[in-house]
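To start, the structure under review is shown below, and the notes come after it.
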Amino acid sequence: MTSYWNTFWIVAFGTLMLTACSNELTSVDLAENQNSTAHEDAEDEDDESGVISLSDIAAEAAGIRVEIAQTGRVGDRLNLPAEVRFDADRVAQISPQIGGIVRRLYATEGDDVTRGQRLALIASRELADLKSDFISARAATDLAQTTLKREERLWTDKITSEADLLAARAGVSAANANLQAIKVKLQTLGLSPAQISSDNTGANFVVTSPLAGTIVQRSVSLGAAVNTDDTSAEPLFTIVDDGVVWVDIAVFKQDLSRLDEGTKVNLITDDDETIAQSEIAFISPIVDQSSRTATARVIVDNANGRLRPGSFIRAKIELGEGETLVRVPINAVQTVNATPSIFVPTEDGFAPKPVVTGLEQDGYISILRGLENGESYVAEGAFTLKSQLEKDSFGADDD
């Protein structure tokens, strides 16, 4: 019995010693693991700090330029696309008014013409027939007048009947009606009263310019046959006067309520050079379903010819005096982790700083929050820093 208890106490004591040793080893391992984890967390914190370490020499070589943030006046302004167009009231498309053969051309594309200037001569059988009909109708009218006067004298002398007098009067009316009908046809062709009344039965019809301007298109050639029945035929001449042009501005739907007729507009090039100044003359009430824009039209004096119809420019519209805000070059703001940010210098290099942006104007963007007046920031080279930051982040993920 004594031997049994001795064996029991020996086993119990051994078990107790093993348990104590195991607990001591576990504590030591845990401490080491905690120290390792703390060290790794510190390293991760350094990696995620977003600081890009660059020396002054390396920053200069990378094109990084640091400036002091300053305030500037930022107005409420629209900068919209616009297209230069011909004034529709100053465009003439000249189609043939009578059929015939082109016998002579007096002007061609690129020529400047005046109102009433000759453009082409058309030999027309139709015109010859109309002139002949007019001369015959005029003679018939004169004869009817003579007959009426004779019948009136005979009626006074009680020699002729009342029926003959009435017939003579009816003949005069019919002859006058026929003469006037032919005269209207000749007037429609553009013939002057002197040309209509002349005894010349010539078949030459002269095409003239209805306005002063420049011939931009001529579709007719010598010897060509023209007629008035072909409605699909191109105009003989297209003449435009670009001394005054329209500029159609594409206004987004949400901005329509901010514009009124008479609003001042500066027309500028892509290089921000002012071409002309004017005001809105017309705002279309219709919004295009595809572009979701409406048209605001500006009528511009183009005596200097700087605005070329068909070209695209920009319309800068001032809507208010604005306010004074911190502003930086647009490229100084970069999107970092889906947040607009500006890079600022630190003791170790450069780091991104989230900001809240406002209006863009003249190549600058206003900063509403995140950058104070007088604070240093990266004005040039922010994209380079962003690229380096993304590269470092990618490398850290791989590790």
Side-chain angles (χ1 to χ4, degrees), residues 35-81 252-255 258 268 270-272 292 314 316-317 319-320 322-399:
N35 290 336
S36 176
T37 301
H39 179 68
E40 291 177 357
D41 290 342
E43 290 182 349
D44 291 342
E45 184 177 354
D46 290 340
D47 290 339
E48 295 176 358
S49 63
V51 176
I52 303 172
S53 299
L54 282 178
S55 64
D56 293 340
I57 297 177
E60 183 178 357
I64 296 171
R65 180 168 59 86
V66 176
E67 289 189 357
I68 303 299
Q70 297 180 348
T71 59
R73 184 163 293 278
V74 181
D76 192 5
R77 173 186 299 172
L78 295 177
N79 195 325
L80 303 172
F252 297 104
K253 181 180 179 181
Q254 63 270 22
D255 295 324
R258 308 168 69 187
I268 61 175
D270 291 336
D271 298 329
D272 206 28
R292 307 304 299 167
R314 307 288 300 180
K316 187 165 59 175
I317 306 172
L319 298 177
E323 56 183 327
T324 301
L325 298 171
V326 173
R327 62 177 194 167
V328 300
I330 293 177
N331 291 334
V333 179
Q334 299 291 327
T335 301
V336 178
N337 295 328
T339 302
S341 303
I342 283 190
F343 284 89
V344 296
T346 66
E347 294 182 357
D348 299 325
F350 301 93
K353 184 178 183 181
V355 294
V356 177
T357 59
L359 293 174
E360 295 183 12
Q361 184 174 310
D362 299 332
Y364 288 84
I365 186 169
S366 58
I367 305 298
L368 305 181
R369 289 196 303 274
L371 185 68
E372 301 296 332
N373 184 31
E375 187 176 352
S376 298
Y377 73 98
V378 175
E380 291 185 8
F383 181 77
T384 301
L385 294 176
K386 174 188 174 182
S387 301
Q388 183 62 40
L389 184 65
E390 293 175 346
K391 179 180 177 182
D392 293 344
S393 175
F394 182 76
D397 291 342
D398 288 344
D399 293 342

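Between P329 and Y364 the shortest heavy-atom distance is N-CD2, 3.6 Å. Scanning both residues, S376 and L371, for their nearest heavy atoms gives O-CD1, 4.4 Å. Residues P354 and S341 share a closest heavy-atom pair of CA-OG, 3.8 Å. Taking every heavy atom of both residues into account, R327 and G72 meet most closely at NE-CA, 4.0 Å. Contact record, A69 with N373: O-OD1, 2.9 Å, taken as the closest heavy-atom pair. When all heavy atoms are compared, the tightest approach of T346 to A351 is CG2-CB, 3.8 Å.
With a 4.5 Å cut-off on side-chain heavy atoms, V356 and I367 do not count as touching.
Annotation: Q254, atom CD; neighbour count of heavy atoms from other residues, nucleotides and ligands within 6.0 Å is above 12. The local environment of CD1 in I57 is sparse, with at most 12 non-hydrogen atoms from other residues, nucleotides or ligands closer than 6.0 Å. Crowding of R258 atom CZ: a count of heavy atoms from other residues, nucleotides or ligands under 6.0 Å exceeding 12.
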query = Could you walk me through whether F350 and L389 pass the side-chain contact (heavy atoms from CB on, under 4.5 Å) check?
reply = CA-CA 10 Å; F350 301 93; L389 184 65; over 6 Å; no
query = Under the side-chain contact (heavy atoms from CB on, under 4.5 Å) criterion, do I342 and V378 qualify, and how do the steps go?
reply = CA-CA 7 Å; I342 283 190; V378 175; 5.9 Å; no
task = Could you go through the side-chain contact (heavy atoms from CB on, under 4.5 Å) check for V336 and F343 one step at a time?
result = CA-CA 10 Å; V336 178; F343 284 89; 4.2 Å; yes
request  = Take L325 and T71 through the side-chain contact (heavy atoms from CB on, under 4.5 Å) test and state the conclusion after the steps.
outcome  = CA-CA 5 Å; L325 298 171; T71 59; over 6 Å; no
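Taking CD1 from I268 and NZ from K316, the interatomic distance works out to 4.5 Å, rounded to the nearest 0.5 Å. We find the CD-CD distance between Q334 and E390 to be 9.0 Å, quoted to the nearest 0.5 Å. In this structure, E372 CD and Y377 OH are separated by 14.0 Å, a value rounded to the nearest 0.5 Å. With values rounded to the nearest 0.5 angstrom, I64 atom CD1 is found 12.5 Å from F383 atom CZ. For the atom pair CG (D255) and CG (L80), the distance works out to 6.5 Å, reported to the nearest 0.5 Å.
Side chain of R314 to backbone of N79: a donor-acceptor contact under 3.5 angstrom is found.
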